[in-house]
**Student:** 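After the structure tokens below, expect a handful of questions from me.
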Number of protein chains: 2
Amino acid sequence: MSLRHALLGLLAEHPASGYDLLKRFDTSLANVWPATQSQMYAELSKLADTGMISVAAEGPRGRKEYTLTDEGLVELRRWLTETKPQRNTRSDILLRVFFLGVLTPEQARGYLTELIELSEQGEQDLRRLDESIDWDDDDLSVYGRIALEYGLRFNAMRREWAEWAAAQIK
Amino acid sequence: MSLRHALLGLLAEHPASGYDLLKRFDTSLANVWPATQSQMYAELSKLADTGMISVAAEGPRGRKEYTLTDEGLVELRRWLTETKPQRNTRSDILLRVFFLGVLTPEQARGYLTELIELSEQGEQDLRRLDESIDWDDDDLSVYGRIALEYGLRFNAMRREWAEWAAAQIK
DNA sequence: TTTCGACATGTCAGAATAGGAATGTCGAAG
DNA sequence: CTTCGACATTCCTATTCTGACATGTCGAAA
């Protein structure tokens, strides 16, 4: 399970509450690992139970601020380095492409056009995100920028591919 | 749920048994929508219950050959055209990138190097797959080729990105 | 004729995901 | 001082996914 490690990773930067983490997931991490509120709070409880994180302070509205424990940091590093064979990514978008043959050529082209628009939208969103973040020059943010660059290249590649694909349909 | 529709899509080409479909998933579809045997048989039962598919013939070892019903084809077309907002793809590979800051620069570069190798491997596998398939020129296979091209471009893009990213780490 | 690999399906427990409802508190603006 | 939006967590149900385990049959080769 990667949600577990995503939470450890975010807490490695600085302590935060479930609510804080939720917002982080909604913005940057949403693109690589979407998660819901119910899942997060449940996972935080489990991580606290197993000693990976601990409640550092309690705030105003029952707010619990979690910190990464030494044990949690060890586990995070283990996950990062002992990268087991990574699972195939699931893509319903691409899955549909396999079956476009049951549609008319016009409909199929229509779908690919949607993908082009989706990619353009994605590129724009990422550019906006880029501008909205103040990339203070701490070490951690280097990787945030690298991840963002991935997103930009990915969307560009997908757009070009979809344009090419639309042209293939006779 | 997309597994449901993936099965409908495969059956749209020609009737098949669960066992047959399983093999299809292990090869081409594994890259976009991995699924296990237990999931498949369960899903086939459900699809049969709801009338999307039906048992056309029974074979040797309790083999049940399923066919797509008219109702199933309608549902498949609906799924393809009324493409609801597509969910974000999950990528544990990219997720790790966000947290490489907790490692040493050497370790981080090591991870990116793994990604480069993974991408090269992916490109090779796809090229081999390409050669192994006899692309008979029916209409359906056009989209198989288009999907394969996506995979090739995706891996190439990821490799180039990882090379660039490794160079960013000071 | 035995034996073994490929064929073929079914079931089950446990984890992960999705999406929502319920509940309550604090602080600032009016 | 009231009200309302943001803060903050917990609980719930249903579905999906994972990884095993269980069971059995057919056909070909030794």
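We use all heavy atoms of the structure for the numbers below, so side chains are in, but hydrogens, waters and symmetry mates are not. Note that the structure is a prediction, hence the values are computed from the model and not measured. Every chain is numbered from 1, with letters handed out A, B, ... down the list of sequences.
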**Student:** Test for a donor-acceptor pair under 3.5 Å between the base of D/dG19 and the side chain of B/T36, counting only N and O atoms.
**Tutor:**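 It does not, because no donor-acceptor pair links the side chain of B/T36 to the base of D/dG19 below 3.5 Å.
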**Student:** Please compare A/P34 and A/P60 by the position of their nearest nucleotide in DNA chain C and report the one closer to 5'.
**Tutor:**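 Its nearest nucleotide lies further toward 5', so the answer is A/P34.
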**Student:** Let me know, please, whether B/Y66 or B/K23 comes out on the 5' side of the other along DNA chain C by nearest nucleotide.
**Tutor:**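 Comparing both residues, the 5'-ward one is B/K23.
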**Student:** Side chain of A/R61: nearest nucleotide among C/dT17, C/dT11, D/dC7?
**Tutor:**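 Per side-chain heavy atoms of A/R61, the pick is D/dC7.
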**Student:** Picking from C/dC7, C/dA18, D/dT9, which would you name as closest to the side chain of B/Y19?
**Tutor:**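 Given the options C/dC7, C/dA18, D/dT9, the side chain of B/Y19 is closest to C/dC7.
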**Student:** Between D/dT16, D/dC12, C/dT9, spot the one nearest the side chain of B/Q37, thanks.
**Tutor:**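 Of the candidates, C/dT9 comes closest.
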**Student:** Ignoring hydrogens and angles, does a donor from either the side chain of A/R63 or the base of D/dC7 sit under 3.5 Å from an acceptor on the other?
**Tutor:**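 Not at all, since no donor on one side and acceptor on the other fall under 3.5 Å apart.
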**Student:** Within 45 degrees of the axis of the six-membered ring of B/W164 and under 6.0 Å from its centre: does A/R153 put its NZ or CZ there?
**Tutor:**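 Here A/R153 passes the 6.0 Å and 45° test against B/W164.
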**Student:** What is the nucleic acid contact for A/S45, judged by heavy atoms within less than 4.0 Å: base, sugar-phosphate only, or nothing?
**Tutor:**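 The residue A/S45 makes no contact with any strand.
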**Student:** Within the 4.0 Å heavy-atom criterion, would you say A/E43 contacts the bases, only the backbone, or no part of the nucleic acid?
**Tutor:**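 Contact class for A/E43: none.
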**Student:** Please output the side-chain donor-acceptor pairs of residues 99-111 of chain A that fall under 3.5 Å, not counting sequence neighbours, one pair per line with the distance.
**Tutor:**
unit_1: A/T104; atom_1: OG1; unit_2: A/Q107; atom_2: N; d: 3.1
unit_1: A/T104; atom_1: OG1; unit_2: A/Q107; atom_2: OE1; d: 3.4
unit_1: A/Q107; atom_1: OE1; unit_2: A/T104; atom_2: N; d: 3.1
unit_1: A/R109; atom_1: NH1; unit_2: A/I169; atom_2: O; d: 3.0
unit_1: A/Y111; atom_1: OH; unit_2: A/I93; atom_2: O; d: 2.7
unit_1: A/Y111; atom_1: OH; unit_2: A/R96; atom_2: NE; d: 3.4

**Student:** Between A/E75 and A/W79, is there a side-chain donor-acceptor contact under 3.5 Å, judged purely by atom types and distance?
**Tutor:**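 Distance-only check fails for A/W79 and A/E75.
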**Student:** So does B/R145 pair up with B/E149, basic N to acidic O under 4.0 Å?
**Tutor:**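 A salt bridge is absent here (no side-chain N lies under 4.0 Å from a carboxylate O).
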